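To start, the structure itself, in structure tokens.
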Amino acid sequence: MQNIKGLLSEIPERISDLPELAYNSWWSWHPEARMLFKMLNRPEWKLSVHNPVKMLMNTDTTILEKATKDQKFLRHYDAVITRFHEDMKTNTGWFPENITSSEDSFLAFFSAEYGLHHSLPFYAGGLGFLAGDLVKESSDLGIPLVAIGFMYPEGYLQQRINPDGWQLDENENIERENAPISRVLDTKGKHRIIKVPFIEPSIYVEVWKVQVGRVELYLMDTDIDENDPWNRSITSHLYIGNPEQRLRQEIVLGIGGTEVLKQLGKQHSVLHLNEGHTVFAILERIREKVASGMSFDDAFEQTRSTTIFTTHTPVPAGNDVIPFPFMEKYFSSYWPSLGLNRDSFLALGVDPKDPKAGFNMTAFGLKGSLYHNGVSKRHGAVARKMWHSLWPEVPEQKVPIDSITNGIHVPTWIEPRMQFLFNHYLGADWINEHDNPEIWELIDDIPDQELWQTHYWLKNKLVLRMMERARQRWMNDQPDPRIILASGVLLDPNVLTLGFARRFATYKRATLIFQDMERLRKILCDRWKPVQIIFAGKAHPADDQGKLLLQQVFNAAKDASFGGRIAFVEDYDEQLAQYLTHGVDVWVNNPLPPYEACGTSGMKASLNGVPHLSILDGWWIEGYNGKNGWVFGKKDEEHRDVDDANALYHSLEQDIIPLFYQVDDDGIPHNWIQVMKEAIKSTAAIFSARRMMKEYTSKFYQPALQNASNIQIHSKTIDR
Ligand SMILES: *Cc1c(COP(=O)(O)O)cnc(C)c1O
């Protein structure tokens, strides 16, 4: 890999493993590795916004030379590198070996987005973080998986709010050379370029790689000279609005992605497809089998028995439907290679509920996979209802769509100081056994005072961080002072703090708490028991509805009568999500049921002792136990928003505010801390990505790999 070599020539021998570490995002979930980079060059670490590749490139030789003589640095370096190399060994001993007899007992995971770290901005929201956490956990558990997706050169949507509260979308282009991604080269040392097969006119992709611990993630980029401008922009940013370009994106992901893995020699026998954008991978797998002489029906059946499809949303707009004319335009050269004609090809994506609508990607994903799931128990049931039309012969409860509830990658989302506290009371090895519910009983051993101090420190850190951001904004742009006031400079770390941060999708109802402004004002501006709320989140650039909601929130933050107790922080990303989910007192969630398929930010908060105040939807139906947070909301469909808002106020007024401010003689709110402890204890193990990946393995990966192995044994017997 060119980049590593380029860096290596400058790095002194004694610390020559630094570039390899910088190019492996393993560092992102190991605080000791992040500390190593920080120790080396703190100003550049900050300036690069925690991108070790950029930092190393901008680090003077004198600093590097000095580091080779710094005993403290070298001791830390040796410890981190030893641990790193230890972790990179392929077998962790957990994933069952010899599940199949062949060397291609590999899974390929396809996803349109990956949320790994703020230095790798290839995500929009929850779906991306789920994919990123899944890849990291696969590395930790030694699951033999290779992942594929897109490098979005304009991946970074920088959010700026104008004085009227309107979101301005500014793209910040990625500097490819400085990003923690490396080029995949061909035998001549040139950047590898691959053609998307059978699709006319031709599309070419360039391939990049992110090493995620043991797992390789390949990212495709169409912004290259081989493509005309229309093709170059296919991967420019996430979820392009133009329907034809969106189709071309999905063609590149499924069909191009399969070809990339084949050309790189990443033989995989099982597919795991994350959401409908990826499902053309099924077609390409069938095509390869038909090309080797199999009938379409056999090829389809073999592919189906080795494919896993995860659906993520019950929101109709979240399920892509491609107009038939576009399908014809791009696939008329493709369907003959499957041995199909136009009608039989288009029929693959028909949703019987609405056969004329177009090619439904989710319907095709469900038909083309033997194993499929929703992402929480409730979402499983919703998906069975939604897709009953595909299995009309069975009653709704028997529709074969299972559920595996999402989980978060614990080493990524635990705050280091909280981790340190847990190390002390749960045993230093807790992080390696975190999906064992028993170890979490030990949370009760943490003295209330210590947990409270740690939490207060994190809350203070969040408030100071917001002030610092406001100061920078004030100095750089000198905007309308109300913008600065709205961004949190009047926050007080002693005040009960609610957090609400997520994409501004309509169903998430960001403005619910503003239903009754008078009642809200009373709650927030109480003289003795005040409350403050911190909002963050981006609206999709094409979503004016979402931008209007954001404007309403921002205007409330600007409104002097709320006294600065409402703040809106710009540019919600992974880093800000860490600050917010660790530093507020309560995490608020009020989607319109049943549209929150799972939700994961509340899990991040609970893990760090920030209890969840939520409508009963998604994971919270499974997570809530009566003492680890709060529920609110009515079943009444008609006056839903009004009733839900009243229930939210009621819960704050009657339960949450009194409990928070009920401080005992020693100055500590012991009853509140009881809820914090219960939140950690009852959610950390169950809603971990480790539990999730063990479930994917036993329910889907193992049987699918077994099917793949049987197919291979069978075809070998026929060959003889
Ligand atoms: C976790 C996370 C999300 C997903 O949050 P939800 O509650 O599931 O909507 C979105 N964006 C960022 C930056 C996150 O960290």
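Values reported hereafter were calculated over all heavy atoms of this structure, with side chains retained and with hydrogens, waters and symmetry mates removed. Atoms within each ligand, like the ligands themselves, are counted from 1 in listed order. When a residue number appears, it is its place in the shown sequence, counting from 1. Remember, it's a predicted structure, so these values are computed and weren't measured experimentally.
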Closest approach of any protein heavy atom to atom 8 (O) of ligand 1, naming residue and atom: Thr600 N, 2.9 Å

Qualifying residues under side chain to side chain donor-acceptor pair (under 3.5 Å), relative to His409, sequence neighbours excluded: Asp140, Thr412

Modelled atom types, side-chain donor and acceptor of Trp630 and Asp655, under 3.5 Å: no

Donor-acceptor pair between Thr600 and Asn406 side chains, under 3.5 angstrom: no

Sub-4.0 Å atoms of ligand 1 with respect to non-hydrogen atoms of Tyr572: 11 (N), 12 (C), 13 (C), 14 (C)

Residue Asp573 vicinity, atoms of ligand 1 by number, heavy atom under 4.0 Å: 13 (C)

Residue-ligand contact Lys508/ligand 1, heavy atom below 4.0 Å: yes

Residue Ala577 vicinity, atoms of ligand 1 by number, heavy atom under 4.0 Å: 13 (C), 15 (O)

Closest approach of Gln249 to Thr235 (non-hydrogen atoms, all atoms of both residues): NE2-CA, 4.4 Å

Donor-acceptor side-chain pairing of Asn373 and His379 below 3.5 angstrom: no

Phe504 six-ring centre to Lys547 NZ/CZ under 6.0 Å and within 45° of normal: no

Basic-acidic side-chain contact under 4.0 Å: Arg465, Glu468: no

Contact with ligand 1 for Trp587, non-hydrogen, under 4.0 angstrom: no

Atom 3 (C) of ligand 1 - nearest protein heavy atom and its distance: Lys604 NZ, 3.7 Å

Heteroatom distance test (Ser601, ligand 1): nitrogen or oxygen, under 3.5 angstrom: yes

Where ligand 1 meets Gly599 - atom numbers and elements under 4.0 angstrom, heavy-atom basis: 8 (O)

Closest protein heavy atom (residue, atom, distance) for atom 12 (C) of ligand 1: Phe129 CE1, 3.3 Å

